[in-house]
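Working notes, structure below.
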Amino acid sequence: MNVETLTRRFERVFTPPQATALAEVIIASYSDLVKTSDFNELKAIVKDLAEAQKRTEVKVGELVVAQERTEVQLNALAAAQERTEVQLNALAAAQERTEVRLNALAVAQERTEARLDTLAAAQERTEARLDTLAAAQERLTEAQERTEASLDKLTQVVTGLGQELGGLSRSVSYALENEAYRALPAYLQARHGLTLDERIVRTEIEGQEINFFARGRRNGSLICLVGETKLQLDERRTSRREAEKAFAQLDNRAEIVQKAYPDCQVVRLLITHYARPSVLKLAQERGILLVQSFEW
């Protein structure tokens with residue numbers, strides 16, 4: 001992602017300055033996020049250290065067992081020494097063998113001490129790496145806190161933008177309705193033969209708000225005009241389901257008015273700035289007068 005790509009996507013629903021500001025905030029917040037790979041690397045290092053510690057413990061255990069065997073062998077040598085005192089010739093040979101074995105034990109002891117020194121150095125390195133990991137964990141915690149703070153700021157920005165857009169949408173909708181109140185009577189009479197006997201008003205019937213309501217006549221028959229506003233019915237931005245939803249809401253209002261005025265024929269009206277041809281066709285099939293603002 002980059003600022004240009006996000007800006008183009010946000011400009012579908014936001015103004016260019018708003019889209020650019022939102023894209024820059026998201027990119028800046030994303031840059032401070034801690035990568036999942038960093039956590040995975042930390043877990044792998046800790047696992048390796050744990051396995052090395054286990055191997056160290058096994059080797060120390062082996063050394064303890066070897067030491068015990070050495071003690072047993074020395075005890076056996078002592079007993080042999082007592083027995084060889086009876087036979088001097090055998091004692092000399094046994095003494096030589098003892099010295100050889102003691103020399104070997106001394107060499108083995110030196111190797112053991114060297115390995116213990118190596119293990120001690122490895123232990124020191126392990127402790128140093130653990131200290132490093134602890135410091136890294138602390139830095140990660142601080143980075144996470146900064147990320148959360150950035151996300152909180154982003155949430156506040158998005159919430160503010162949503163409120164601003166909601167207010168703008170209501171303002172545009174009211175402006176369209178006010179314009180329609182003035183232009184519709186002449187337009188409906190010229191295009192659809194509807195003569196209104198009273199001024200179009202916004203009212204409430206049976207607890208439901210009716211955006212456009214007026215009584216009049218068509219071909220001598222009494223009619224009740226029932227209308228709603230939808231800023232745009234463009235299938236590139238609004239799915240067919242949204243258009244059906246607007247039509248269903250209008251049908252609901254029409255049923256309420258029909259019950260309140262059973263002697264009049266209800267004429268359903270939908271006002272919009274622009275509607276796609278497919279939506280116009282759908283409205284015609286359902287018997288709804290769909291009027292675009294540029295038509296009056």
Next item on the list: For H273 and F294, run side chain to side chain contact (heavy atoms under 4.5 Å, CB included): C-alpha distance rounded to whole Å, both residues' side-chain angles, the deciding distance at 0.1 Å, then the answer.
Entry: CA-CA 7 Å; H273 279 304; F294 64 82; over 6 Å; no
Check: Has the side chain of Q258 got a donor or acceptor atom that lies under 3.5 Å from a matching backbone atom of C264?
Finding: yes
Report, one line per pair, each donor and acceptor closer than 3.5 Å where one atom sits in a side chain of residues 181-190; sequence neighbours left out.
| residue | atom | partner | partner atom | Å |
| --- | --- | --- | --- | --- |
| Y181 | OH | N211 | O | 2.8 |
| R182 | NH1 | N178 | O | 3.4 |

Notebook entry, point to check: Taking C-beta and beyond as the side chain, do L105 and V107 meet within less than 4.5 Å on heavy atoms?
Noted result: no
Item checked: Within-4.5 Å side-chain heavy-atom neighbours: L116 and T112 -> yes
Check: Is the number of heavy atoms from other residues, nucleotides or ligands within 6.0 Å of CG (N89) greater than 12?
Finding: no
Note to self: Is there a continuous path of hydrophobic side-chain contacts, each under 4.5 Å between heavy atoms, that joins L22 to V13?
What the structure shows: yes
Item checked: Heavy-atom closest contact (F14 atom, A19 atom, distance) -> CB-N, 4.0 Å
Check: Nearest 0.5 Å, what's the CD-OG1 distance between E24 and T7?
Finding: 7.0 Å
Margin query: Let me confirm one number: the CZ-CG distance from R218 to L225, rounded to the nearest 0.5 Å.
Written below: 10.0 Å
Item checked: Residues which pass side chain to side chain donor-acceptor pair (under 3.5 Å) with E209, listed by chain and number, not counting sequence neighbours -> R202
Item checked: Heavy-atom closest contact (L176 atom, S293 atom, distance) -> CD1-CB, 3.8 Å
Notebook entry, point to check: Under the criterion side-chain contact (heavy atoms from CB on, under 4.5 Å), which of N252, L250, I271 is the partner of E228?
Noted result: L250
Notebook entry, point to check: Among side-chain atoms of T15 and Q18, is any donor-acceptor pair under 3.5 angstrom?
Noted result: yes
Check: Heavy-atom count around Q284 CD within 6.0 Å, excluding the residue itself: above 12?
Finding: no
Next item on the list: Check whether any side-chain heavy atom of V279 sits under 4.5 Å from a side-chain heavy atom of T272, and report yes or no.
Entry: no
Checklist line | Contact summary for A254 and V266, nearest pair of heavy atoms | finding: CB-CG1, 3.7 Å
Check: Do Y261 and I223 have side-chain heavy atoms sitting under 4.5 Å apart?
Finding: no
Margin query: So L194 and V267, do their side chains get closer than 4.5 Å, heavy atoms only?
Written below: yes
Item checked: From CA spacing to verdict: side chain to side chain contact (heavy atoms under 4.5 Å, CB included), E206, K259 -> CA-CA 10 Å; E206 298 296 332; K259 291 180 181 179; over 6 Å; no
Item checked: F212 vs T229, side chain to side chain contact (heavy atoms under 4.5 Å, CB included): CA-CA, chis, key distance, verdict -> CA-CA 9 Å; F212 298 94; T229 302; 3.2 Å; yes
Next item on the list: Identify whether the distance between the nearest side-chain nitrogen and carboxylate oxygen of E244 and R286 falls below 4.0 Å.
Entry: yes
Notebook entry, point to check: Taking C-beta and beyond as the side chain, do E138 and E142 meet within less than 4.5 Å on heavy atoms?
Noted result: yes
Check: Is the number of heavy atoms from other residues, nucleotides or ligands within 6.0 Å of CD (Q87) greater than 12?
Finding: no
Next item on the list: Scan for disulfide bond (SG atoms under 2.5 Å apart) pairs involving residues 61-119, sequence neighbours excluded, and state none if there are none.
Entry: none
Item checked: Between CG on residue L269 and CD1 on residue I200, distance to nearest 0.5 Å -> 7.5 Å
Checklist line | Euclidean distance, Q67 CD relative to E62 CD, rounded to 0.5 Å | finding: 14.5 Å
Note to self: What's the separation between atom CG in D263 and atom OG in S221, rounded to the nearest 0.5 Å?
What the structure shows: 12.0 Å
Checklist line | Nearest-0.5 Å distance that lies between atom CZ in R199 and atom CZ in F213 | finding: 13.0 Å
Checklist line | Minimum heavy-atom distance A23-L6, with the two atoms named | finding: CB-CB, 3.5 Å
Notebook entry, point to check: Between A246 and K230, which heavy-atom pair has the shortest distance, and what is it?
Noted result: CB-CD, 4.5 Å
Check: Is the closest side-chain heavy-atom distance between Y274 and R276 below 4.5 Å?
Finding: yes
Item checked: Distance-minimising heavy-atom pair for L222 and R217 -> N-NH1, 4.2 Å
Check: Looking only at atom types and distance, does a side-chain atom of E11 sit under 3.5 Å from a main-chain N or O of P16, one as donor and one as acceptor?
Finding: no
Item checked: Evaluation steps, side chain to side chain contact (heavy atoms under 4.5 Å, CB included), between I205 and T203 -> CA-CA 7 Å; I205 299 176; T203 187; 4.2 Å; yes
